[in-house]
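See below for the structure under consideration.
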Amino acid sequence: MSEITGGQPDLPDVVSGPSEDHLRLAESLIFASVEPVAARVLAGLLPEDVDATAVLAGLNARYAGRGVELVAVGGGYQFRTAPDLAARLTRVVSRPRRLPRVAMETLAIIAWHQPVTRAEIEEIRGATLSQQTLEQLLETSLVRTAGHRDVPGRPILWVTAPAFLSQFGLKDLKELPRREELLEEG
Amino acid sequence: MSEITGGQPDLPDVVSGPSEDHLRLAESLIFASVEPVAARVLAGLLPEDVDATAVLAGLNARYAGRGVELVAVGGGYQFRTAPDLAARLTRVVSRPRRLPRVAMETLAIIAWHQPVTRAEIEEIRGATLSQQTLEQLLETSLVRTAGHRDVPGRPILWVTAPAFLSQFGLKDLKELPRREELLEEG
Amino acid sequence: MSKSEPGPVAAGGDGDKLLLTLDGFSGPLDLLLDLARAQKLDLAQISILQLVDQFLAVIDGARRVRLEIAADWLVMAAWLTWLKSRLLLPKDEPAAVEGEAAADILAARLKELGAMRAGAAWLAARPMLGQDVFGRGAPENLISTDRSKITADLPMLLRAYVDGIRRGTVKPRYEPRQLSFWTVQDALKRLSASMRGSAGWSDLEQFLPANLSGRERNAAIASTLIASLEMARGGGLVLRQDSAFSPIMVALGELEIEVVEGETAPIVAPSDLQDNSEPDAGELA
């Protein structure tokens with residue numbers, strides 16, 4: 001653990017090594033800069049006889065093992081969150097997205113007609129179904145495949161997955177309104 | 001309960017000391033954030049039996065006298081460069097133009113009289129308030145509107161925005177001196 | 001209304017000090033406060049009467065050098081003149097009481113403005129973020145976005161189902177694409193019109209429409225060949241080809257050419273032909 005030396009900015013810099021004043025200056029400059037600070041930029045703020053690299057080395061040593069570390073990036077130096085803490089501090093923000101219309105319709109058809117083949121979905125919607133749409137649905141874990149239909153070509157059968165029930169707040173599939181009820185209104 | 005006063009090194013007793021791990025966590029959390037970090041946000045990341053204020057006090061002590069200091073502003077904690085380094089830093093770090101006198105006076109009137117209408121500001125200053133001045137204050141996010149006064153004409157009410165506290169290094173509006181104290185200073 | 005900065009701008013520029021002084025104030029109250037401050041540091045002890053005299057002197061001075069004075073300054077001058085007349089009355093006159101009350105109001109306003117000015121100074125003296133102290137220049141974004149969740153509820157699902165079914169049952173009306181190639185019919189018209197009255201053999205390709213290339217030209221060749229065969233079958237034309245892949249030659253036959261009525265169909269511009277992709281069947285409904 002580093003010891004606090006109670007920085008005295010008006011300390012005369014007789015020593016050629018990194019004085020507390022120089023460390024403070026480097027620290028604040030790198031902290032406040034938008035871009036990584038190159039050694040020569042720091043050197044421009046230090047007295048001529050002070051080696052900027054030595055100051056940076058001193059600063060690096062001071063921050064070693066701390067929550068924030070000095071790292072060399074893009075031709076300069078920047079403070080960065082220590083990697084082990086970055087993982088702990090990263091907050092995951094969930095931004096749900098809407099499914100495209102085709103995917104929603106396909107999902108609905110799978111829900112009410114399961115198990116159903118791709119050709120049947122196409123027949124019901126009266127439009128071809130792209131592989132991309134099926135992949136989108138698979139990614140959401142709302143649908144899954146359930147073997148093949150025993151007909152020539154052995155087409156894959158599609159059914160809803162467990163996540164489907166929780167997504168739509170259903171206890172089981174029987175809670176879905178019956179097809180006839182839906183279509184009479186339409 | 002220990003309290004942190006804006007970047008003052010003369011901080012109360014750091015009892016038995018918060019653990020290095022908690023200090024690191026607090027350090028990286030506050031370092032990474034654009035906005036001041038509220039103590040309760042830190043508390044949410046610490047184990048339940050750890051006092052966030054004590055960790056903040058420890059962190060404040062660690063940074064006392066350094067080039068970057070922990071300050072209590074706007075209901076939270078933020079790292080800022082030490083004020084004495086400003087002159088040297090501004091040779092490299094760019095800073096926006098200071099607010100003109102009229103804008104500063106208007107800001108003071110809003111700060112001490114809030115919520116206040118434009119007519120009241122004009123009454124106090126004995127001069128019309130230009131749109132430009134209000135825009136300058138809005139641009140810097142120092143003030144905001146807060147509904148209307150319930151009188152004929154329903155004039156807009158002006159108050160200070162959160163950035164006001166952070167800009168002037170204030171913990172809260174109670175830190176503003178009372179009007180009588182202002183006059184005593186002459 | 002006057003401007004917030006009623007700085008009278010000198011036209012002559014004779015460098016009058018008064019002009020510059022007036023220019024530096026943001027309003028009459030601002031000048032009054034300055035005059036009061038010059039009189040006494042404690043605003044509670046200033047002489048309003050003296051202040052009024054000083055203010056009126058400044059305004060008079062400005063008038064003498066024919067400065068344009070903004071309206072609110074003149075209003076203040078008029079009010080102060082009235083105030084002065086009341087303050088000069090003997091204390092026991094009722095109008096004098098009125099004057100005292102007005103003087104108190106003026107003093108209170110000056111005090112308030114003084115306080116606010118001190119407040120502005122107090123703020124300005126604090127280490128200001130971005131001026132005297134600096135925050136982290138490159139803050140880190142420790143937020144990662146999870147887009148795996150889906151926004152969809154049961155009503156949306158029901159709707160999608162009904163829409164999907166309806167899409168399947170309403171058969172999209174078949175609309176043939178506009179034929180854009182040179183048809184046999186077109187070729188018949190052109191060939192019959194061109195050949196009538198001609199003598200000798202001609203290359204069949206002479207009867208193609210101009211400016212075609214690629215598939216359109218190939219289609220036109222095929223159509224024209226079929227048209228010529230059709231006409232040859234009726235005896236209107238004779239065809240010959242000397243060897244494989246050599247030009248097909250046509251000449252008038254023994255019988256009359258049947259006249260094909262009608263206008264030649266226009267050739268669709270090639271740009272209209274390029275989009276041959278099938279439209280998304282789902283979008284037809």
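Note that these values count all heavy atoms, side chains included, but never hydrogens, waters or copies made by symmetry. Letters A, B, ... are given to chains in the order of the sequence lines, protein chains preceding strands, and every chain is numbered from 1.
- Contacts of B:Leu134 classified as side-chain contact (heavy atoms from CB on, under 4.5 Å), with partners at least two apart in sequence or in another chain: B:Arg118, B:Leu129, B:Trp158.
- In this structure, CD on A:Glu27 lies 9.0 Å from CG on B:Leu85, to the nearest 0.5 angstrom.
- Going from atom CZ of B:Arg24 over to atom CZ of A:Arg66 covers 9.5 Å, rounded to the nearest 0.5 Å.
- With values rounded to the nearest 0.5 angstrom, A:Asp21 atom CG is found 4.5 Å from B:Arg88 atom CZ.
- For the atom pair B:Thr81 OG1 and A:Leu25 CG, the distance stands at 10.5 Å (nearest 0.5 Å).
- Partners of B:Ala38 by side-chain contact (heavy atoms from CB on, under 4.5 Å), not counting sequence neighbours, listed by chain and number: B:Arg40, B:Val41.
- Residues passing the ring pair (Phe, Tyr, Trp, His ring centres under 6.0 Å) test with B:Phe79 are B:Phe31, B:Tyr63, sequence neighbours excluded.
- Around the CZ atom of A:Arg98, the shell of radius 6.0 Å holds no more than 12 heavy atoms that belong to other residues, nucleotides or ligands.
- Surrounding CD of B:Glu35 are at most 12 heavy atoms belonging to other residues, nucleotides or ligands under 6.0 Å away.
- In terms of heavy-atom proximity, B:Val93 sits nearest to A:Leu29 at CG2-CD1, 4.1 Å.
- Proximity to chain B among residues 140-154 of chain A is not found for any residue, judged by heavy-atom separations below 4.5 angstrom.
- Taking both residues in full, the closest heavy atoms of A:Gly67 and B:Ser28 are given as O-CB, 3.3 Å, listed atom of the first, atom of the second, then distance.
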